[in-house]
Amino acid sequence: MTLPLLSVTGLSVAYGSTEVLRDISFDLMPGQALGILGLSGCGKTTLLRALLGMLPPSAKVRGQMRTGSGAIALSNRAALRARLGREIGFVAQNPFDACAPLRTVRAHVEEAWRAHGLRPDAARIAALCAQLGLDPAMLDHYPHEWSGGMLQRANIAAAVALAPPVVLADEPTSAVDADTAAAVMDCLRAGAPGTVIVSHDLPLVARYADQVLLIEEGRITARAPRTAFAAGRLPAPLQDFRESGTLPPARPSGTDVVLQATDLVLVRGGRQLAPPLSFSLRAGEIFGVAGRSGLGKSTLLAVLAGHLPAARGTVLRDGVARAPRNGEVLTLFQDALSSMNPRWPLSRIVAEPVTTGPLRVPPVSQTAAACMALAEFGLSHIRPDARPGTLSTGQGQRVTLARASLAAPRLVLADEPTSALDPQQKARALAGLSHLARKGAAIVFVSHDTTLLDAVCNRVMQMQPLGCGRSKQERGLIA
Amino acid sequence: MLMRTRLPERTLILPPDGLVRKMMRHPSGGWGLALVVALAVVALFGPWLAPHPPNLPDYANALRGPGPGHWLGTDATGRDQLSRLLDGARRSLGGAVLVGVAITLIGMIMGILAALAGRWVDAALMRFVDVVMALPGLIVAFAVIGLLGPGYGNLLIALIAADWAYKARIARACAFEAVRSPAATVARQIGVPEWRVVLHHVLPPVFWPLLVLGTLGLGGQIAAISAFSFLGLGVQVPHAEWGAMLAESRFMFTIAPWLLIAPAACIFLSVLASNLLGEALRDLATPEGRS
């Protein structure tokens with residue numbers, strides 16, 4: 001009988017009287033990958049941090065972990081940290097956060113040895129580069145010169161440098177392009193005999209994990225082998241989890257042309273980014289813009305918002321070439337929380353559009369208007385005097401949608417508005433976006449997730465690099 | 001290996017509501033606040049609290065040790081030490097606060113102007129700041145006093161001249177980010193007038209970090225006023241100021257040590273208070289457990 005590489009029994013974590021994790025147990029067998037699924041806030045990250053010995057001292061941890069060198073109490077944080085790197089590798093969510101920005105990536109990888117007082121092994125680094133498809137010359141460059149996908153591979157190299165039997169990964173692909181996510185996952189599995197992947201992304205986990213655990217409200221509510229996904233014999237909680245992330249259907253659009261772009265050329269740093277673009281936007285429709293990073297999606301949004309002039313080509317608003325008027329355009333940012341004043345209560349944030357200009361209402365009605373808008377986007381359970389810092393990312397995105405509905409802009413520019421959300425929150429935010437479109441806004445939805453765009457947009461424009469055939473392709477024409 | 005690095009101005013998000021309550025719960029904040037309140041009372045009402053006229057010599061009672069009538073003793077000319085400490089508090093502490101407020105205001109105005117105007121205004125202002133920052137603060141202060149002559153008012157001007165550039169540089173960095181922040185962008189798109197965008201979305205993120213830094217810097221200002229007065233470049237005789245009091249009585253250390261211990265303790269306590277308060281403000285500004 002083979003022993004498990006990692007065996008966790010009875011892990012519980014509590015902050016004061018609140019239990020965040022209760023009685024988590026699992027085994028990781030050699031050659032296997034274990035996927036841990038769950039919504040944001042279910043305790044996934046706490047679980048990983050408990051295994052790494054990185055929870056704050058205020059957290060009460062119980063339970064036991066067994067690795068190759070024997071059993072250890074999970075409350076013994078110092079002993080857990082001593083095992084980091086040697087017996088357990090860790091890959092963080094965002095590779096740019098994990099690397100010190102002022103040191104080269106080679107220094108980051110070598111830190112794996114230095115943290116244990118060892119001398120870095122140049123031969124091992126070279127071997128890892130070959131195995132993970134890294135260019136050894138790039139190692140002497142700084143993190144900002146790297147792409148997210150490649151840097152995540154370097155992170156994996158650092159995590160597996162001392163050949164730990166187990167690697168833990170926290171949402172390892174959420175910060176990288178969809179294209180590079182697959183390569184990163186392959187590297188992760190190739191790097192160590194056993195892998196634990198924590199994610200909210202069910203398709204990803206179903207593809208790469210041999211075993212899947214579902215955590216809901218701090219407890220394991222379902223376990224299933226990978227084969228169950230293909231066979232369609234999922235335990236009920238997992239089936240529910242899969243279905244709750246279903247996206248809302250697209251709606252028909254109006255006929256008013258809000259914006260007409262003709263032969264638009266996008267330029268950044270004196271360089272043309274993509275072939276000329278031509279498209280029109282109608283009131284009430286969601287127009288998807290897809291394309292890899294670096295094709296000028298953000299530049300396009302800046303031009304549509306009127307922040308940048310177009311290098312060539314015309315943008316007609318209501319048939320006239322003019323700058324956008326106040327309140328005509330509104331941007332929804334990827335990081336919704338950053339677009340709110342952190343010191344204001346939600347009611348004041350949401351009511352900002354009705355404090356000025358033609359939409360102004362008397363101060364007494366402003367809070368009421370804000371509360372109604374919040375309720376409209378399914379946030380009636382949140383106190384209107386709460387501050388943005390208390391919101392989850394998904395709730396934050398819906399607060400900005402509520403603000404947008406009060407601003408009633410003709411054109412909404414959404415820059416990857418759902419990329420940081422788990423499937424449930426994503427579905428809710430997209431429902432909110434559709435609601436906004438029903439109220440008459442034309443929405444430009446920028447994303448690198450083409451499946452998502454196909455599902456929610458009336459039309460999708462695929463941006464192509466220069467010299468790659470046609471200037472654009474329109475597909476998914478659901479008129 | 002996996003530590004996060006963040007710029008301070010990003011994390012300095014301070015909620016003004018419930019500040020005093022949070023401060024009281026903070027381990028050092030409660031003490032800092034209590035000390036600051038006590039010192040503020042002394043600085044504001046010192047002249048009225050003083051049991052004797054602070055500048056009136058009484059040669060019959062010169063160099064009395066601490067005891068009834070003169071609780072902290074008297075100096076070489078028989079002036080009551082307690083009265084002089086109470087009277088001097090407003091010059092030591094009030095001056096430091098005045099300098100702190102002035103450099104924060106100058107820094108904020110310069111920083112926000114530079115960030116808003118951009119282009120050559122930004123470049124010109126910041127190069128000027130660079131020039132001032134290239135000179136050691138002490139040299140700038142001595143130069144200003146050399147130009148204007150010694151005196152309390154001139155000393156404050158000198159300290160402001162020595163310290164404002166550093167604040168302007170930080171204010172400009174915070175303002176630069178705030179002016180272009182998504183929150184400000186959305187407000188502009190909605191049609192909020194620019195002056196209100198600045199008031200609501202730019203001023204607070206600039207003000208709070210500067211307040212924290214200003215509080216931490218207060219100890220330095222107190223020490224600087226005392227140091228310059230000790231050298232005879234600040235407060236002039238016969239007026240009381242803690243540093244000047246140290247200077248006057250330093251030759252009598254062996255016969256009348258109380259004349260040095262009391263003002264030194266006051267300076268120490270004020271520097272301690274401002275550091276405790278500043279530290280608490282900084283801790284409250286960086287929420288714990290946010291990853």
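In what follows, chains are A, B, ... by sequence order, proteins preceding strands, each numbered from 1.
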**Q.** Nearest-0.5 Å distance, CZ of residue B:R188 to CG of residue A:N326
**A.** 11.5 Å
Q: Specify the closest pair of heavy atoms between B:V186 and A:T331, including all atoms of both residues, with the distance to one decimal.
A: CG2-O, 3.9 Å
**Q.** Partner chain B: residue of A:P324, A:A407, A:S338, A:G85 with the largest heavy-atom pair count (under 4.5 Å)
**A.** A:S338
Q) Is there any residue in residues 191-203 of chain B with a non-hydrogen atom under 4.5 Å from a non-hydrogen atom of chain A, and which ones are they? A) B:G191, B:V192, B:P193, B:R196, B:H200, B:H201
Q) Does OH belonging to A:Y15 count more than 12 external heavy atoms closer than 6.0 Å? A) yes
**Q.** Heavy-atom contact with chain B under 4.5 Å, split by part of A:R348
**A.** side chain
**Q.** Heavy-atom donor-acceptor pair, A:E352 side chain to B:A187 backbone, under 3.5 Å
**A.** no
(Q) Between A:A336 and chain B, with a heavy-atom cut-off of 4.5 Å, which part of the residue counts as in contact: side chain, backbone, both or neither? (A) neither
Q. Does a sphere of radius 6.0 Å around CH2 in A:W113 hold more than 12 heavy atoms from other residues, nucleotides or ligands, not counting ones at 6.0 Å or beyond?
A. yes
Q) Among A:M340, A:R403, A:E328, which has the most heavy-atom pairs under 4.5 Å with chain B? A) A:R403
Q | Contact class of A:T355 relative to chain B, heavy atoms under 4.5 angstrom | A | both
Q) Counting only heavy atoms not in B:R127, do more than 12 sit closer than 6.0 Å to its CZ atom? A) yes
Q: May I ask you to check whether over 12 heavy atoms, not counting those of A:R322, lie within 6.0 Å of atom CZ?
A: yes
Q: Sort out for me which of A:L406, A:N341, A:L102 touches chain B most, counting heavy-atom pairs under 4.5 Å.
A: A:N341
